[in-house]
Amino acid sequence: MHVVSGKGGTGKTTVAAALALALASEGRRTLLVEVEGRQGVAQLFDTAPLPYEERRIAIAPGGGEVRALAVDAEAALLEYFELFYRLGMAGRTLRRMGAVEFATTLAPGLRDVLLTGKVKECVNRRDADGRPVYDAVVLDAPPTGRVVRFLDVTKAMADLARTGPIHSQAAGVVEVLHSPLTAVHLVTLLEDLPVTETLETVDELIAAGFPVGAVIVNRVRQQWLPDRSVAAAAGGRVDSGRIRSGLAAAGLDLPADVIDGLVAETVEHAVRVHGEAAALARLEEAAALPRLELPQLVEGVDLGSLYELAESLRNQGVGEQALSEVGA
């Protein structure tokens, strides 16, 4: 079970989708699960909104497949009623009465138990021969600000029930989430706020006893300047005369305003590179975790670029070994 979280805006859903594709390579089967009701997975794979059922959405290189599931707390609760209490028709009546929404609003922890409980069931499911149905389950989890509370159903269990089916359900979730079967991966950008939130979440996850996997640095941009020139250019020390001479030697006689524009872009690029290097140094110093990097997609994200990102992950060892071992 691969739990993917990140600060809002870091691209965690895109990374989760690429990770699911990478893990499905060479004939494997993965399940990509979303729990926030945004239908972000359907949009990425350019498919119809996902129902509360597992549906194939992509074929991975080597013949594997990615299935997807949008877990809805209300549907999960009705399934729970049917499974433990045989309340099929009665459960649907409760839904029409608004009792399901009332129950999950009254006990917010119940919603998280239901959502994580469904994911746990997918992780543990076996076929007729006793083999896992899925080689990997990738969970597009809530953002870092809420992910520890979302995963920590131990507290929700204590608030909801001491015994009975809910207790058993939550206990099963706790067992999986705190086991070697699970890894929580954090997506970040090389910017101060996402890095700070990532490092804080690593500490929170460790304190809560969750196994931390890899830090996935998203949207890494190519550096065009040599290292020795970055600091000077970031400080605005760019010799426009030298640039003009170099261009002239190459047969390019550009107007002064164009040269000025090139200088401004060079300074802007150097400032960004300098800041990203500092953010990366913070990550390396504070978090002794495997690190994966995904490139900046200049033209945005579409289905084709998801495959490119998945290939990048495979080139870094994803799909060949545990994420606790790659990128180190």
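When a residue number appears, it is its place in the shown sequence, counting from 1. On a predicted model such as this, the values are computed, not experimentally measured, just so you know.
- You'll find the side chain of Val123 stays beyond 4.5 Å of the side chain of Thr182, heavy atoms only.
- Under the 3.5 Å distance criterion, the side-chain polar atoms of Gln296 are left unmatched by any main-chain donor or acceptor of Gln222.
- Residues Ile59 and Leu313 do not share a hydrophobic cluster, clusters being chains of Ile/Leu/Val/Met/Phe/Trp/Tyr side chains in contact below 4.5 Å.
- Judged by distance alone, with hydrogens and angles left aside, the side-chain atoms of Thr30 form no donor-acceptor pair with the main-chain N or O of Ala24 at under 3.5 Å.
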Inset, instruction - May I have the step-by-step check of side chain to side chain contact (heavy atoms under 4.5 Å, CB included) for Glu284 and Arg291, ending in yes or no? - result: CA-CA 9 Å; Glu284 293 176 338; Arg291 188 178 74 249; 3.3 Å; yes

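- Distance check: Leu139 CG to Leu31 CG gives 9.5 Å after rounding to the nearest 0.5 Å.
- Within a 6.0 Å sphere centred on CZ of Arg221, other residues, nucleotides and ligands contribute more than 12 heavy atoms.
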Inset, instruction - Check the pair Glu191 / Lys7 against salt bridge (Lys or Arg N to Asp or Glu O under 4.0 Å), numbers first and verdict last. - result: CA-CA 11 Å; Glu191 300 172 3; Lys7 180 177 171 58; over 6 Å; no

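- Rounded to the nearest 0.5 Å, atoms CG (Leu189) and CD (Glu276) are 9.0 Å apart.
- Checked by atom type, the side-chain pair Arg282/Thr196 shows a donor-acceptor distance below 3.5 Å.
- Here the side chains of Val184 and Thr201 are not in contact, with every heavy-atom distance at 4.5 Å or above.
- Checked by atom type and distance alone, the side chain of Ser25 never pairs as donor or acceptor with a backbone atom of Ala60 at under 3.5 Å.
- Residue Asn218 comes nearest to Thr10 through the heavy atom pair ND2-O, 2.8 Å, listed as atom of the first residue, atom of the second, then distance.
- Contact of the Val187 side chain with the His185 side chain is not registered, since no non-hydrogen atoms from C-beta on lie closer than 4.5 Å.
- In the hydrophobic cluster analysis, where Ile, Leu, Val, Met, Phe, Trp and Tyr join through side-chain heavy atoms closer than 4.5 angstrom, Val220 is grouped apart from Val230.
- Separating the CD atom in Glu175 from the CG atom in Asn124 is a distance of 8.0 Å, to the nearest 0.5 Å.
- The CG atom of Leu294 sits 10.5 Å away from the CZ atom of Arg219 when rounded to the nearest 0.5 Å.
- Between the side chain of Arg28 and the backbone N or O of Leu23, at least one donor-acceptor pair lies under 3.5 Å.
- Nearest heavy atoms, Cys122 versus Tyr134: O-CD1, 4.0 Å.
- More than 12 heavy atoms of other residues, nucleotides or ligands sit less than 6.0 Å from atom NE2 of His269.
- Summarising the hydrophobic clusters (Ile, Leu, Val, Met, Phe, Trp, Tyr; side-chain heavy atoms under 4.5 Å, direct or chained), the residues clustered with Val263 are Val238, Ile243, Leu247, Leu252, Leu254, Val258, Ile259, Leu262, Val267, Val271.
- Annotation for Asp127: atom CG counts as buried by contact number, over 12 foreign heavy atoms lying within 6.0 Å.
- The hydrophobic clustering, which links ILVMFWY residues whose side-chain heavy atoms are closer than 4.5 Å, places Leu190 and Leu193 apart.
- Between Val301 and Leu297, the shortest heavy-atom contact is CG2-CD1, 3.8 Å.
- Looking only at atom types and distance, the side chain of Ser305 has a donor-acceptor partner in the side chain of Asp302 under 3.5 Å away.
- No donor-acceptor distance shorter than 3.5 angstrom exists from the side chain of Glu121 to the backbone of Gly117, with no hydrogens or angles considered.
- Only one option out of Lys12, Glu197, Glu200, Glu204 pairs with Thr144 in a side chain to side chain donor-acceptor pair (under 3.5 Å); it is Glu197.
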Inset, instruction - Could you walk me through whether Met1 and Lys120 pass side chain to side chain contact (heavy atoms under 4.5 Å, CB included), step by step? - result: CA-CA 8 Å; Met1 179 177 175; Lys120 181 266 299 183; over 6 Å; no

Legend entry - Test side chain to side chain contact (heavy atoms under 4.5 Å, CB included) applied to Leu69 and Lys118, step by step: CA-CA 10 Å; Leu69 170 66; Lys118 179 61 179 179; 4.0 Å; yes

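- Annotation: Arg126, atom CZ; neighbour count of heavy atoms from other residues, nucleotides and ligands within 6.0 Å is above 12.
- Annotation: side chain of Leu21 is in contact with side chain of Phe45 (closest heavy-atom distance under 4.5 Å).
- Residues Phe210 and Asp152 are in side-chain contact: their nearest non-hydrogen atoms beyond the backbone lie under 4.5 Å apart.
- The nearest pair of heavy atoms linking Tyr52 to Asp72 is CD1-N, 3.9 Å.
- Heavy atoms of other residues, nucleotides or ligands lying less than 6.0 angstrom from CD of Glu268 number 12 at most.
- Residues Glu53 and Arg55 are paired through a salt bridge, judged by an N-O separation under 4.0 Å between the basic side chain and the carboxylate.
- By the criterion of side-chain heavy atoms lying less than 4.5 angstrom apart, applied directly or through intervening Ile, Leu, Val, Met, Phe, Trp or Tyr residues, Leu32 is not grouped with Leu181; the two fall into different hydrophobic clusters.
- Scanning all heavy atoms of the two residues, the minimum distance from Ile57 to Leu50 falls at CG2-CD2, 4.1 Å.
- Using a 4.5 Å cut-off on side-chain heavy atoms (C-beta onward), Leu225 and Val273 make no contact.
- Across every non-hydrogen atom of Pro290 and Gly213, the tightest pair is CD-O, 3.4 Å.
- Judged by distance alone, the side chains of Asp140 and Thr13 do bring a donor and an acceptor atom under 3.5 Å apart.
- The environment of CG in Asp257 is crowded: more than 12 heavy-atom neighbours from other residues, nucleotides or ligands sit within 6.0 Å.
- Using a 4.5 Å heavy-atom cutoff, the side chains of Leu283 and Leu199 are in contact.
- Salt bridge Arg29/Glu54: absent, no basic N to carboxylate O contact under 4.0 Å.
- Residues Glu36 and Pro143 have side chains in contact (heavy-atom distance under 4.5 Å, counting atoms from C-beta outward).
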